[in-house]
**Q** 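Pasting a structure below so you can have a look.
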Amino acid sequence: MPQSHTLCLKPNQRREPSDKLQVLLFAAQFVEARDYVLSILDSELKQPIDFVKAEETFRSLRLRCMMAEILDYWGQYKLARRVIKTVSAQCEAAVEVMEDGAGELPRTDAERKLIRQQVWVLLHAGMTDYRRGTLGHAAYLFAAAERVCLKHVVTSVDPAWGTRARIYYCLALIDRERLEYGPALARFTTSVNCGYNSLQAHPGELSKFSYITIAKSLALGLAFVHNAMGRPDLAYPLLVAAKTMLQPISEKLLSCYVDLLYANVLRGMEGARGGAALDDVIIRLQQCYASFRELRHVPYQARAAYHLAIAHLQRARPDETVPLSRLSETDVEMADAYAEELRRFAFESRDVRAEMRRQVLKSRIARKRDHVQDAEEAATKAIQAGLAIQEPITDALIARGKARARMGKFEEAVQDFEQGLKGDNPRTRAVCLLYLCQLYCGAQRYSEASRYFAEFERMKSEVTNLQVITVERTARAALQRSEERRVGKECRSRW
């Protein structure tokens, strides 16, 4: 069981806000930390920072970073940005001077300590950009933090493992959002390695927060990416490991998010079978939704609503060639209600990425109701929004391709699935290849259909997602029927 970190203060010595907040943060007392941050927020932001006095600057920057950490943890991203922006401009300028070679190299541990804290300011400033969807500037700040840390902070005596663990975690988040899953996996793995080295290097300074940091890389990092790539079997043990680390320290919020990811992994492993397996997934997601609501974490509640909508749609008429039953219509109505909640969140937070996800949900909902033109229009809006902010649009392309296939727009559907093939995500590539196979089977173009199916066969081992395997069965059956028609036609022509 990890011990909470405490600070040794001399008798009658006043505990600085940064000292008090560090104790709460290291003890994973996030509710108390949030309340304390909110109580000192206005007064602390009014305090001028003397950037000449090194020790005073360090303590002020450390306090701002911890305040931003807590506010980000609770989903209060605008307040986190307000806190860190009071110091980020000066730190960015100082980093630029260091990178230009105009400043002196640090000669003492105190100077390196201050530079390390400036690196943390860049990381928190970058996270506020990441939360807003400004990935370009976030990536710039994270990369600058990496360069400065490696050049000016790391020494043979102090490798700064903890700081480097956070740097690679942040860089991996950018890769993950851009669907660059290969680099994301590599950086999340490096982050875990750095975290492990930090535990080994400082066994006497372990805190509950150390375990939370590593659990995040395992769950929100590696497990998330493996599941997104169609490998729930690889994500599953990572989530179990993360949950095991969080269980003894009574952390609720991140632990609940691990439960959310776990439910989605189960959906990828068992959900395509429907029935009790998918019912269990929905119950688990509902529990996460209720917990996030109780904890008042609005962004995570919206994320749970999104995944609930997907699960309900998956349960509603898996075969879109049969009429929609009353029970399936209830699932579609539930998905619609959760999509509406996502709309409100996207509007209030001005989150374009959330609005993109909502439009993709709208497309799927409309398609379930056989409103295929509405489905095409919603997916097109998602694509346009993504292109405007340079966000990946693969899911929207697949949604529009499915709608166009239902509408009989063969060439347009082919174009959408062909474009969806780009990128390095095996799961979405597999889906696009299988739908292209089905399209060409329907058009009685056997050679093209078999070519796409053969390409899927070559990469099949990279995907274990049961939903993809279900699509494979449909494509294989369509290919077999197409082959039977082709052979029959050849036989009739010889007769």
Side-chain angles (χ1 to χ4, degrees), residues 175-184 225-231 268 272 306 310 313-314 320 353 355-368 372 375-443 445 448-460 462-476 478-479:
D175 295 328
R176 191 189 74 181
E177 287 300 306
R178 289 173 170 169
L179 307 187
E180 296 171 357
Y181 289 141
V225 173
H226 279 306
N227 192 47
M229 294 176 70
R231 292 301 304 270
Y306 169 72
I310 292 176
L313 286 174
Q314 185 175 337
E320 295 183 11
R353 290 177 292 180
E355 176 59 17
M356 282 180 62
R357 289 192 287 270
R358 183 187 78 89
Q359 290 292 351
V360 173
L361 282 177
K362 273 188 66 177
S363 177
R364 293 174 177 173
I365 291 167
R367 201 176 70 246
K368 290 287 184 181
V372 288
E376 180 190 32
E377 290 174 359
T380 299
K381 288 180 181 178
I383 291 168
Q384 291 170 342
L387 292 174
I389 60 171
Q390 297 182 323
E391 219 20 54
I393 57 173
T394 306
D395 286 342
L397 286 167
I398 292 173
R400 190 171 69 176
K402 290 181 180 180
R404 286 176 165 177
R406 290 274 303 276
M407 297 169 74
K409 294 184 174 181
F410 175 80
E411 295 295 340
E412 293 93 331
V414 166
Q415 289 175 6
D416 283 338
F417 289 126
E418 285 281 6
Q419 191 173 347
L421 283 174
K422 299 174 182 176
D424 65 349
N425 186 345
R427 180 184 60 83
T428 53
R429 281 185 54 80
V431 168
C432 289
L433 289 170
L434 291 170
Y435 278 117
L436 283 164
C437 172
Q438 292 182 58
L439 276 171
Y440 279 105
C441 284
R445 293 166 62 173
E448 289 98 328
S450 59
R451 175 168 60 84
Y452 283 114
F453 194 81
E455 189 173 346
F456 164 76
E457 291 271 72
R458 286 192 291 272
M459 55 88 63
K460 179 180 177 180
E462 301 176 38
V463 181
T464 60
N465 183 289
L466 194 58
Q467 294 164 261
V468 175
I469 294 172
T470 301
V471 178
E472 177 199 356
R473 294 189 189 119
T474 304
R476 190 183 295 276
L479 192 64

**Q** One pair to check against side chain to side chain contact (heavy atoms under 4.5 Å, CB included): R429 and V463. What are the steps and the verdict?
**A** CA-CA 10 Å; R429 281 185 54 80; V463 181; over 6 Å; no
**Q** Indicate yes or no: at least one non-hydrogen side-chain atom of L397 is less than 4.5 angstrom from one of F417.
**A**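 A side-chain contact under 4.5 Å is absent here.
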**Q** Looking only at heavy atoms, which two atoms of A399 and S363 are closest? And how far apart?
**A**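 For A399 and S363, the tightest heavy-atom pair comes out as CB-OG, 3.8 Å.
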**Q** Under the rule for salt bridge (charged side-chain N to carboxylate O under 4.0 Å, His left out), what residues qualify as partners of E180, not counting sequence neighbours?
**A**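 If we apply the salt bridge (charged side-chain N to carboxylate O under 4.0 Å, His left out) test to E180, skipping adjacent residues, there are no hits.
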**Q** Taking all non-hydrogen atoms of both residues into account, name the closest pair between M459 and P426 and its distance.
**A**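 So the two residues come closest at CE-O, 3.2 Å.
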**Q** Heavy atoms only: give me the nearest D424-P183 pair and the separation to one decimal.
**A**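 Residues D424 and P183, closest heavy atoms: OD2-CD, 4.2 Å.
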**Q** Please report the interatomic distance SG(C437) to CD(E472), rounded to the nearest 0.5 Å.
**A**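 Going from the SG atom of C437 to the CD atom of E472 covers 10.0 Å.
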**Q** Among E377, E376, E411, E412, which residue satisfies the salt bridge (charged side-chain N to carboxylate O under 4.0 Å, His left out) criterion with R404?
**A**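 Testing R404 for a salt bridge (charged side-chain N to carboxylate O under 4.0 Å, His left out) against E377, E376, E411, E412 leaves exactly one candidate, E376.
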**Q** If you apply the rule side chain to side chain contact (heavy atoms under 4.5 Å, CB included), what do you find for T394 with L179, and how did you get there?
**A** CA-CA 9 Å; T394 306; L179 307 187; 4.0 Å; yes
**Q** So, R445 side chain and Y440 main chain: donor-acceptor pair closer than 3.5 Å or not?
**A**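 Between the backbone of Y440 and the side chain of R445 there is no qualifying donor-acceptor contact (under 3.5 Å).
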**Q** Distance check, rounded to the nearest 0.5 Å: R476 atom CZ versus R473 atom CZ?
**A**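 That separation rounds to 10.0 Å.
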**Q** Do L439 and V414 have side chains that approach each other closer than 4.5 Å (heavy atoms only, starting at C-beta)?
**A**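 L439 reaches V414 side chain to side chain.
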**Q** So which heavy atom on Y181 is nearest to which on R176, and how close?
**A**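 Distance-wise, the nearest heavy atoms are CE2-O, 3.7 Å.
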**Q** Does a side-chain heavy-atom distance below 4.5 Å link L434 with F453?
**A**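 Contact flag for L434/F453 side chains = yes.
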**Q** Kindly determine whether M356 and I393 satisfy side chain to side chain contact (heavy atoms under 4.5 Å, CB included), including the steps that lead there.
**A** CA-CA 9 Å; M356 282 180 62; I393 57 173; 4.3 Å; yes
**Q** Flag the pair V225 / D175 as yes when at least one side-chain heavy-atom distance between them is below 4.5 Å, and no otherwise.
**A**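 In short, these two side chains do not touch, never coming nearer than 4.5 Å.
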**Q** Nearest 0.5 Å, what's the CG-CZ distance between L313 and R364?
**A**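 Here the rounded value is 7.5 Å.
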**Q** With side chain to side chain contact (heavy atoms under 4.5 Å, CB included) as the test, would you mind laying out the steps for V471 and Q438 before giving the verdict?
**A** CA-CA 10 Å; V471 178; Q438 292 182 58; 3.7 Å; yes
**Q** If you measure from CD on E448 to SG on C441, what distance do you get to the nearest 0.5 Å?
**A**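 If I round to the nearest 0.5 Å, the distance is 10.5 Å.
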**Q** Examine distances only and state if a side-chain atom of D395 and a backbone atom of V360 form a donor-acceptor pair shorter than 3.5 Å.
**A**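 No, the answer is negative, given that no donor and acceptor are paired below the 3.5 Å cut-off.
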**Q** Sort and list the pairs that fulfil salt bridge (charged side-chain N to carboxylate O under 4.0 Å, His left out) and have at least one residue in residues 378-394, not counting sequence neighbours.
**A**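 Non-adjacent pairs meeting salt bridge (charged side-chain N to carboxylate O under 4.0 Å, His left out): zero.
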**Q** What do the steps show when you test E177 against R353 for salt bridge (charged side-chain N to carboxylate O under 4.0 Å, His left out), and what is the final call?
**A** CA-CA 10 Å; E177 287 300 306; R353 290 177 292 180; 3.1 Å; yes
**Q** Does some side-chain heavy atom of K402 sit less than 4.5 Å from a side-chain heavy atom of D416?
**A**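 A side-chain contact under 4.5 Å is absent here.
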**Q** With sequence neighbours left out, write down each residue that passes side-chain hydrogen bond (donor to acceptor under 3.5 Å, both in side chains) with Y452, or none if nothing qualifies.
**A**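 Once residues adjacent in sequence are excluded, the partners of Y452 under the side-chain hydrogen bond (donor to acceptor under 3.5 Å, both in side chains) criterion are E418.
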**Q** Distance check, rounded to the nearest 0.5 Å: R427 atom CZ versus C432 atom SG?
**A**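 R427 CZ to C432 SG: 9.5 Å, rounded to 0.5 Å.
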**Q** Decide yes or no for V431 and I398: does some side-chain heavy atom of the first lie under 4.5 Å from some side-chain heavy atom of the second?
**A**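 When only atoms from C-beta onward are counted, I398 and V431 do touch, with a gap below 4.5 Å.
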**Q** Decide yes or no on side chain to side chain donor-acceptor pair (under 3.5 Å) for E355 and Q359, but give the supporting numbers first.
**A** CA-CA 6 Å; E355 176 59 17; Q359 290 292 351; 2.9 Å; yes
**Q** Just how far is it from atom CZ of F456 to atom CG of L479, taken to the nearest 0.5 Å?
**A**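 That separation rounds to 12.0 Å.
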**Q** Quick one, Q419 and Q415 - any side-chain contact, counting heavy atoms below 4.5 Å?
**A**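 Result no, sub-4.5 Å side-chain heavy-atom pair not found.
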**Q** With a cut-off of 6.0 Å (strictly less than), are more than 12 heavy atoms of other residues, nucleotides or ligands near CD of Q390?
**A**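 No - once you tally the heavy atoms of other residues, nucleotides and ligands closer than 6.0 Å, there are 12 at most.
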